[in-house]
S.K.: 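Quick one: the structure is below, and I'll ask about it shortly.
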2 protein chains.
Amino acid sequence: MHTETITGLTAKVLDIPHVLAADQFGEIVRGSGVVPSEFSYRKDEEIYGEGEPSEYLYQTIGGAVRTYKLLSDGRRQIGAFHLPGDVFGLDPGLEHRLTAEAIVDTTVRLVPRRSLEKAAASNAQVARNLWTLTASDLRHAEDHMLLLGRKTAIERVATFLLEMDRRLAKTGMMALPMCRRDIGDYLGLTLETVSRALSQLNDQGILMFSSARQIALRNRQRLTAMEA
Amino acid sequence: MHTETITGLTAKVLDIPHVLAADQFGEIVRGSGVVPSEFSYRKDEEIYGEGEPSEYLYQTIGGAVRTYKLLSDGRRQIGAFHLPGDVFGLDPGLEHRLTAEAIVDTTVRLVPRRSLEKAAASNAQVARNLWTLTASDLRHAEDHMLLLGRKTAIERVATFLLEMDRRLAKTGMMALPMCRRDIGDYLGLTLETVSRALSQLNDQGILMFSSARQIALRNRQRLTAMEA
DNA sequence: CGGATGGTTGAGCGCTGTCAAGTCTAGTGG
DNA sequence: CCACTAGACTTGACAGCGCTCAACCATCCG
């Protein structure tokens with residue numbers, strides 16, 4: 001049964017504050033009467049490209065996804081990381097505005113947009129959930145503009161750590177799926193600057209590495225004070 | 001009659017590419033059966049504050065509005081400028097996520113959110129228009145994240161000029177309503193850096209000042225090449 | 001074991017910020 | 001009508017944060 005899986009995810013989604021108060025994807029899927037498919041992507045595989053027709057709405061089940069834009073010379077800005085439970089791919093135009101790639105081997109659930117549009121036309125709750133999902137993305141983007149435009153390197157990294165801690169820390173320890181370059185491209189920094197900031201926080205005892213990507217926050221209060 | 005005013009605005013709105021293909025505000029208003037009120041604000045007057053309950057949806061009629069976020073020490077990131085025809089204030093949670101202020105003396109049309117919510121519950125077209133408005137904001141925010149995270153100062157200013165030229169140039173000349181500090185806080189730069197970039201573009205013959213805020217682009221092609 | 005990928009750290013530089021002085025403009029009152 | 005003032009803008013000098021380039025180290029996987 002799907003319900004079991006969906007219910008399992010609901011608890012997870014509730015942990016993600018930027019997805020408001022409910023399992024939007026589950027509600028949308030149930031409201032539209034469509035059975036979602038599952039699909040898997042290998043590490044670094046493209047899920048969809050910027051400019052391609054937007055045909056599906058996705059939910060990450062396992063793994064992690066980055067969505068990004070490129071400048072002509074290759075400079076990259078990652079707009080968001082999509083962790084288990086997160087919904088992505090909802091570009092309510094005809095085309096995707098960012099490229100989506102699997103950061104590690106990733107499984108997603110997906111439903112055709114066409115059936116969502118159809119359901120939204122007659123089911124106000126589905127329409128509202130779709131709107132709320134877009135609004136969540138907007139909220140994140142607004143916060144991220146403040147970070148990119150006005151925060152210093154150490155403040156950006158502090159904000160990033162708190163965001164990831166909130167979203168994927170289970171046992172006080174977080175396992176980052178992305179490399180330093182991805183973090184840099186998310187924060188508008190170089191990978192070296194990210195590395196230096198993390199080392200500095202380690203030296204100050206604010207975090208502890210068990211490996212480069214296994215990080216435990218040891219003092220969230222000081223980190224919160226640093227994010228400005 | 002309202003229709004006259006609304007029709008007058010429609011032509012204007014069509015000039016703004018990030019508002020898609022229609023006068024969303026007008027359609028929403030008509031679909032909800034509410035008569036919008038008008039209200040005026042003086043230069044630098046606050047329209048709503050971050051964290052306040054979001055009670056109205058606004059459309060700029062005359063003047064200009066900035067929406068921004070602040071860090072605790074006063075650093076400011078302007079998320080968007082709202083020029084005549086633009087809709088703002090649509091934060092689909094309970095609270096506004098940014099502060100809105102009039103940049104110059106400004107007149108807005110406004111409708112209560114409550115009546116929109118009500119209309120959206122039964123009128124799918126109203127719901128879709130609200131969603132589309134939020135999606136337009138998201139698209140702008142995604143583009144702006146790329147600018148803030150990855151573009152150089154001169155590229156940011158070039159992008160800004162092309163955006164403003166597109167949105168408010170009438171006779172090949174644009175009259176900027178905002179000061180250099182506002183531009184800097186929009187582009188993640190200081191006002192001095194903005195001023196230097198504009199001077200440089202002037203020296204290169206890419207633009208021409210008739211006064212500090214009256215600017216004519218003389219070579220859009222070179223400017224487009226500079227925005228990366 | 002050896003190579004590849006990812007991460008850390010150092011040295012030096014450059015872009016943009018800071019601080020400051022000077023100019024221009026618009027608005028105000030004499 | 002003009003002097004005065006305040007705010008906005010420009011420009012210069014200098015400094016510093018974060019980038020570039022480079023070397024080295026760690027980990028993973030064949």
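Note on naming: letters A, B, ... go to the chains in the order of the sequence lines (proteins, then strands), and numbering restarts at 1 for each one.
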S.K.: When all nucleic acid strands are considered with a 4.0 Å heavy-atom cut-off, which category describes G188(A): base, sugar-phosphate, or nothing?
M.R.: sugar-phosphate

S.K.: What verdict does the ring pair (Phe, Tyr, Trp, His ring centres under 6.0 Å) test give for Y58(A) and H82(A), after you've listed the backbone C-alpha separation in whole Å, the side-chain angles of each residue and the deciding distance to 0.1 Å?
M.R.: CA-CA 10 Å; Y58(A) 302 81; H82(A) 303 283; 9.8 Å; no

S.K.: On a plain distance test, is the side chain of E192(B) in donor-acceptor contact with the base of dC19(C) below 3.5 Å?
M.R.: yes

S.K.: How large an angle, rounded to 10°, do the end axes of the helix from dC1(C)-dG30(D) to dG30(C)-dC1(D) enclose when each is built from five base pairs?
M.R.: 30°

S.K.: Check whether any side-chain nitrogen or oxygen of S199(B) sits under 4.0 Å from OP1 or OP2 of dT11(D), and answer yes or no.
M.R.: yes

S.K.: Spell out yes or no: do the side chain of R196(A) and the base of dG7(C) have one donor N/O and one acceptor N/O closer than 3.5 Å?
M.R.: no

S.K.: What is the distance, to the nearest angstrom, from the CZ atom on R75(A) to the P atom on dC15(C)?
M.R.: 13 Å

S.K.: Do L217(B) and I206(B) have side chains that approach each other closer than 4.5 Å (heavy atoms only, starting at C-beta)?
M.R.: no

S.K.: Is the backbone N or O of G85(B) less than 3.5 Å from a side-chain atom of Q59(B), with the two atoms forming a donor-acceptor pair by type?
M.R.: yes

S.K.: Tell whether R213(A) reaches the base of dT5(C) with its side chain through a donor-acceptor pair below 3.5 angstrom.
M.R.: no

S.K.: Want to settle it: does L189(B) or S195(A) sit nearer the 5' end of DNA chain C, counting the closest nucleotide to each?
M.R.: S195(A)

S.K.: Go through the N and O atoms of the side chain of R181(B) and the base of dT10(D), and report whether any donor-acceptor pair is under 3.5 Å.
M.R.: no

S.K.: Nearest whole angstrom, please: distance from the P of dT8(C) to the CG of L207(A).
M.R.: 10 Å

S.K.: Could you state the atom-to-atom distance from CG of L198(A) to P of dG6(C) in whole Å?
M.R.: 17 Å

S.K.: Verify the distance criterion only: is there a donor paired with an acceptor across the side chains of T99(B) and K69(B) at less than 3.5 Å?
M.R.: no

S.K.: Between S199(A) and A197(A), is there a donor-acceptor pair closer than 3.5 Å when you use the side chain of the first and the backbone of the second?
M.R.: no

S.K.: For S211(A), which contact category applies under a 4.0 Å heavy-atom criterion: base, sugar-phosphate, or nothing?
M.R.: nothing

S.K.: L191(B) has an atom CG; how far is it from atom P of dA20(C), in whole Å?
M.R.: 15 Å

S.K.: What is the separation between atom CG on D185(A) and atom P on dG18(D), rounded to the nearest whole Å?
M.R.: 16 Å

S.K.: Base, backbone or nothing for each nucleotide of nucleotides 24-30 of chain D, written B, S, -, heavy atoms under 4.0 angstrom, 5' to 3'?
M.R.: -------

S.K.: Rounded off to whole Å, could you give me the CD-to-C1' distance for the Q214(B) and dC9(D) pair?
M.R.: 15 Å

S.K.: Quick one about Y68(A) and E101(A) (side-chain donor to acceptor, distance below 3.5 Å, no hydrogens or angles considered), yes or no?
M.R.: yes

S.K.: Between R150(B) and Q77(A) (side chain of the first, backbone of the second, donor and acceptor by atom type, cut-off under 3.5 Å), is there such a pair?
M.R.: no

S.K.: Treating E45(A) as the side-chain partner and R42(A) as the backbone partner, does any N or O pair qualify as donor plus acceptor under 3.5 Å?
M.R.: yes

S.K.: Flag the pair Y56(A) / Y48(A) as yes when their ring centroid distance falls below 6.0 Å, and as no otherwise.
M.R.: no

S.K.: Is T190(B) close enough to dT16(C) that one of its side-chain N or O atoms is under 4.0 Å from OP1 or OP2 there?
M.R.: no

S.K.: Specify the separation, in whole Å, of atom CE of M178(A) and atom P of dT5(C).
M.R.: 21 Å

S.K.: Once the angle between the rings of Y186(A) and F81(A) is folded into 0 to 90°, is it parallel (under 30°), tilted (30 to 60°) or perpendicular (over 60°)?
M.R.: tilted

S.K.: What's the CZ-C1' distance between R180(B) and dG17(C), to the nearest Å?
M.R.: 18 Å

